[in-house]
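The structure under discussion appears below in the form of structure tokens.
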Protein chains: 2
Amino acid sequence: MKFKKNISCNDCKLKCDIYQALSESGKDFSIINPLHVYYDRHENICKQGSSVTHAIYLVEGSAKLFIEGLNSRNITLYIMTPQSYIGLLSFFETPYYSYSVKALEDSHICMIDLDCIKKLYIENHNFLLKLNKAFGKSVSSILSKIITLNQKNIRGRIADSLLYLSKLYNNDQFTMLLSLKELGELSAISEENVVRLLAEFRREGILNVEGKKITIIDKKLLEKISEVG
Amino acid sequence: MKFKKNISCNDCKLKCDIYQALSESGKDFSIINPLHVYYDRHENICKQGSSVTHAIYLVEGSAKLFIEGLNSRNITLYIMTPQSYIGLLSFFETPYYSYSVKALEDSHICMIDLDCIKKLYIENHNFLLKLNKAFGKSVSSILSKIITLNQKNIRGRIADSLLYLSKLYNNDQFTMLLSLKELGELSAISEENVVRLLAEFRREGILNVEGKKITIIDKKLLEKISEVG
DNA sequence: CGCGAGCTTGACGTTGTTCAACTAGAGTGG
DNA sequence: CCACTCTAGTTGAACAACGTCAAGCTCGCG
């Protein structure tokens with residue numbers, strides 16, 4: 001279930017890049033028609049293969065960005081938290097989504113018509129540079145992910161994912177919003193092996209695992225495992 | 001060995017996007033200072049980790065774009081032929097190359113100062129849209145490559161690579177510029193298995209292999225293998 | 001002629017997926 | 001309130017897929 005709302009940028013508590021760009025341009029906020037949509041956990045925010053019509057900005061909550069592969073096996077590239085562009089590719093001239101995004105918790109997004117964005121970045125260099133920066137960063141993280149998935153063993157891959165999560169939550173202790181299957185998709189590992197590896201790391205005193213609550217005890221060692229892969 | 005030359009855009013036979021953008025803008029060609037560089041086969045055109053200073057355009061020849069992984073094992077993402085942007089990422093705000101590019105044959109490239117490019121695309125929307133399009137396409141091909149590398153077996157992966165090459169050369173018969181090791185890097189397969197698979201495909205009447213000259217006999221079957229993976 | 005790079009083949013071992021069966025907890029309806 | 005079902009997690013065993021090692025080959029080049 002999701003419901004939609006029209007909220008004027010003036011009333012939105014989040015002063016995003018787009019808001020700033022509009023301010024800088026001295027434009028009237030009425031030219032963009034931001035559509036706010038609320039998604040429940042597990043709902044698709046955008047779907048691989050469908051056409052790109054709006055720029056999507058994550059206002060609240062979190063979501064995973066993944067590519068849908070063969071036999072409905074997915075690979076999660078990264079997890080998004082506010083404020084980030086969900087439809088990053090959509091700023092560029094791509095007709096269809098080459099990935100999907102699904103809410104990890106109840107989330108709130110803002111959709112803005114593509115033409116507005118285009119007008120905006122053509123006028124406002126600063127906004128364009130911000131978009132470019134975000135995009136470049138995202139691409140370079142994807143490239144290093146390719147190496148990780150291809151050349152590290154499952155121990156190294158899951159170590160990577162755990163370190164990634166701890167960095168994302170900015171804490172060595174965090175409560176995953178991911179199921180074990182989803183953690184597997186983040187590391188391209190089968191669910192069964194995720195279980196085995198977490199148990200292994202716990203036995204080795206690297207982790208503390210209580211349900212979804214994970215505490216990294218020996219970070220140095222975890223980083224070592226991630227490197228050696 | 002490589003040598004450099006200053007060639008004015010007026011004297012360059014290749015009327016690239018940048019040339020066109022300059023024409024459209026009604027600018028003087030002297031504001032850009034295109035540096036033409038000639039590389040031998042096997043030479044690095046740009047190196048992962050080094051800083052991005054210029055936009056690079058492939059004028060003549062061909063090159064492979066690859067990411068350098070662990071234990072000097074690489075993964076080739078795609079092969080570039082004229083006219084394409086080698087430093088595609090460099091148009092965006094990325095300080096360092098997240099990949100390397102190496103010449104597959106003697107090649108000729110053109111380097112243009114980043115600031116010039118930036119000025120140009122800020123002024124010229126059409127040029128910006130062209131860049132965006134090229135970039136979006138490149139990213140979506142990378143995403144589908146991730147799935148291929150991760151979820152297809154080696155038969156499917158090498159079938160993919162062979163079909164990719166035949167499309168690149170626009171012919172079911174082509175002479176690879178790649179060594180078998182390099183073909184392996186394009187498919188994330190060990191050199192030994194590349195040999196075995198090519199022999200297998202030949203025995204099955206799918207391919208004809210004479211040295212580097214490959215002829216695809218049964219394309220339908222090859223496509224089937226690529227799909228089933 | 002000898003050397004080295006690229007290619008080729010066989011044997012072997014590791015890695016990680018898959019299957020199958022079982023457990024625990026949460027939600028549902030009689 | 002208890003049986004149920006459904007999902008998520010857990011464990012073991014078997015198997016297949018690939019990479020790796022080792023050895024030998026061929027061809028071009030100094």
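Just so it is clear: chains get the letters A, B, ... in the order the sequence lines come, proteins before strands, and each one is counted from 1.
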>> Under 4.0 Å, heavy atom to any atom of DNA chain C: which of residues 145-161 of chain A qualify?
In response: A/N153, A/I154, A/R157
>> What is the separation between atom CZ on A/R202 and atom C1' on D/dT10, rounded to the nearest whole Å?
In response: 10 Å
> What's the CD1-P distance between B/I214 and C/dC7, to the nearest Å?
Replying inline: 11 Å
> Distance check: side-chain N/O of B/N193 vs OP1/OP2 of D/dC18, anything under 4.0 Å?
Replying inline: no
>> Just the rounded figure in Å: distance from C1' of C/dT9 to CD of B/E191.
In response: 13 Å
> Between the side chains of A/S161 and A/S187, is a donor N or O closer than 3.5 angstrom to an acceptor N or O?
Replying inline: yes
>> Is there a side chain to side chain donor-acceptor pair (under 3.5 Å) between B/S140 and A/Y96? Walk through the geometry before answering.
In response: CA-CA 9 Å; B/S140 100; A/Y96 302 106; over 6 Å; no
> OP1 or OP2 of C/dC7 sitting under 4.0 Å from any side-chain N/O of B/K212?
Replying inline: yes
>> Within the structure provided, determine whether B/I206 and B/I225 are in side-chain contact (heavy-atom separation under 4.5 Å).
In response: yes
>> Need one value for B/S190: base, sugar-phosphate or nothing, where a base atom within 4.0 Å counts as base even if backbone is also close, heavy atoms only.
In response: base
>> Roughly what angle, to 10°, lies between the helix axis at the start of the helix from C/dC1-D/dG30 to C/dA26-D/dT5 and the one at its end, five pairs per end?
In response: 30°
> Does any N or O donor sit under 3.5 Å from an N or O acceptor when you compare the side chain of A/R196 with the base of C/dT15?
Replying inline: no
